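Take a look at the structure set out below.
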Amino acid sequence: MASASRGQWSGKLGFIMAASGSAIGLGNIWRFPYTAGENGGGAFVLLYLIFVALIGIPLVLAELSVGRETELNPAGAFEKLSPGSKWPWLGRLGVLTGFAILAFYAVIAGWTLWYLWEALTGAFSGEITPEVSAQMFTDMTSNPLLAIAFTAAFILLTIVIVQRGISAGIERTTKILMPLLLVILVVLAVRSVTLPGGMDGVKYLFTPDFSKIDFPVVMSAIGQALFSLSLGMGAMITYGSYFPKNENLPQSGIIVAFFDTAIAVLAGLIIFPALFSVGIAPDGGPGLVFIVLPTIFNSLPAGGLFAVAFYALLAIAALTSTISLLEVVVTYFIDEKQWPRKKASWVLGGLCFVVAIPSALAAGGSQFFTNFLGFGIDFLSLQNIFWGNYSLSIGAILLAVFVGWSWGAPKAIESLESSGIKFQGSGLWTVLIRYVCPVAIGIVLIYIIVTGQYF
Ligand code: PHE
């Protein structure tokens with residue numbers, strides 16, 4: 001039996017920890033706050049919540065049903081459900097996308113390790129001006145050896161866990177790291193919200209200013225929902241393929257989406273109150289957690305500890321996501337090429353490190369990759385646009401079409417109910433997966449192609 005040699009989650013809880021680990025990542029703690037901050041706070045958050053419900057959850061369930069039904073990697077799964085068709089190419093695109101996302105995600109993840117190290121050695125304990133903070137960030141990210149070394153360290157950590165397998169590696173690690181992450185988050189959020197003036201940050205996050213909602217904000221919210229829920233490249237197909245047949249899949253999928261969303265909001269509750277309490281504007285962009293936060297640690301009580309906890313949190317969140325990215329690629333090589341897991345993990349992880357080098361050099365380490373081909377954009381951002389936006393959107397639309405129409409919603413529902421427990425809301429789900437998901441994401445895709453804007 002394929003399932004016996006591939007391994008399985010020990011149960012629902014193991015799956016929920018691992019899949020939430022995949023979903024909760026830099027997307028929640030780094031990208032969500034700065035995207036919300038750039039897009040008007042509450043208005044963005046409201047749209048985001050709507051899209052998680054209407055698009056995110058239906059797609060999570062769609063991917064999970066494909067994985068659980070076939071117990072295979074994305075390419076093998078489409079082949080099994082639609083033999084002889086072109087659909088397996090969608091799976092292969094997903095595997096490639098996972099590899100490519102890992103190759104730039106690991107670079108940013110490497111920065112979090114560096115910042116954790118800096119926090120531990122007390123680098124954020126004195127007064128840090130915005131100029132000094134920006135300089136610290138540039139000094140680190142533009143140092144070619146440091147950037148490459150921290151990327152390597154992060155990929156190495158990922159490999160060491162993935163090579164141990166589903167239950168002994170991924171499940172065991174995420175069962176320790178996810179509760180730890182939750183504790184740090186809650187403690188930091190409480191600390192931040194109770195700072196003097198912190199409630200202004202809370203208001204900013206939860207009071208929608210509808211005049212801020214325009215087309216780009218809508219697009220950013222959909223894009224953020226896809227990325228944050230690890231959709232559009234088969235991560236949930238892969239994790240679903242290790243899901244025990246006798247457990248309630250729809251319920252587990254919805255719990256994962258709920259955790260992911262709750263944690264993005266919690267991250268907002270750490271960052272915005274802290275910013276507002278010292279009077280710093282929330283629209284600092286991608287540098288928000290690396291450049292803006294270090295300037296405020298000193299003015300927070302026990303700021304040094306706050307810094308250590310915060311960057312540990314970022315690193316942990318990133319690690320449980322890089323694990324899932326590598327796992328998609330590794331599962332593909334195990335199923336399709338019969339590679340042993342250890343070989344797949346080391347060879348593909350090693351290869352990914354090599355492919356990550358240009359991105360590691362794209363923040364000043366090499367002029368060529370920092371201003372790639374003279375386009376005025378760095379190589380890392382380009383990868384993010386290409387794989388993190390275009391490829392995920394294309395993958396998500398096609399997946400919705402496959403599950404809704406080609407394989408067919410009724411069959412997917414049967415698979416979602418294979419534990420014998422009825423899937424409440426299957427009628428609504430059918431409408432969402434057939435019409436709402438492809439149309440809404442289709443609009444996003446056309447929008448980003450026409451305007452060249454990325455979320
Ligand atoms: N969801 C992860 C995050 O929010 C990123 C990710 C995308 C992971 C796609 C796996 C697949 O950081």
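This one's a predicted model, so the numbers in the text were calculated from it and none came from an experiment. In what follows, residues are counted from 1 in the order of the sequence shown. Ligands are counted one by one from 1 in listed order, and the atoms in each one are counted from 1 as well.
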Does NZ or CZ of Lys337 fall inside the cone over Trp339's six-membered ring, less than 6.0 Å from its centre and within 45° of the axis?
-> no
Within the heavy-atom cut-off of under 4.0 Å, ligand 1 is lined by Ser22, Ala23, Gly25, Leu26, Gly27, Asn28, Tyr105, Phe227, Ser228, Ser230, Met233, Ser321, Ser324, Leu325
Acceptor/donor pairs from residues 40-63 side chains to any protein atom, 3.5 angstrom cut, sequence neighbours excluded:
unit_1 : atom_1 : unit_2 : atom_2 : d
Glu63  : OE1    : Met236 : N      : 3.1
Glu63  : OE1    : Ile237 : N      : 3.2
Glu63  : OE2    : Gly232 : N      : 2.9

Mind telling me whether Phe372 and Phe379 have parallel, tilted or perpendicular rings, with 30° and 60° as the class edges?
-> perpendicular
Considering residues at least two apart in sequence or located in another chain, which fulfil the salt bridge (Lys or Arg N to Asp or Glu O under 4.0 Å) criterion with Asp378?
-> none
Using side chain to side chain contact (heavy atoms under 4.5 Å, CB included) as the criterion, list what pairs up with Arg434, not counting sequence neighbours.
-> Trp405, Ala409, Pro410, Thr430
Check whether more than 12 heavy atoms from other residues, nucleotides or ligands sit under 6.0 Å from atom NZ of Lys411, and answer yes or no.
-> no
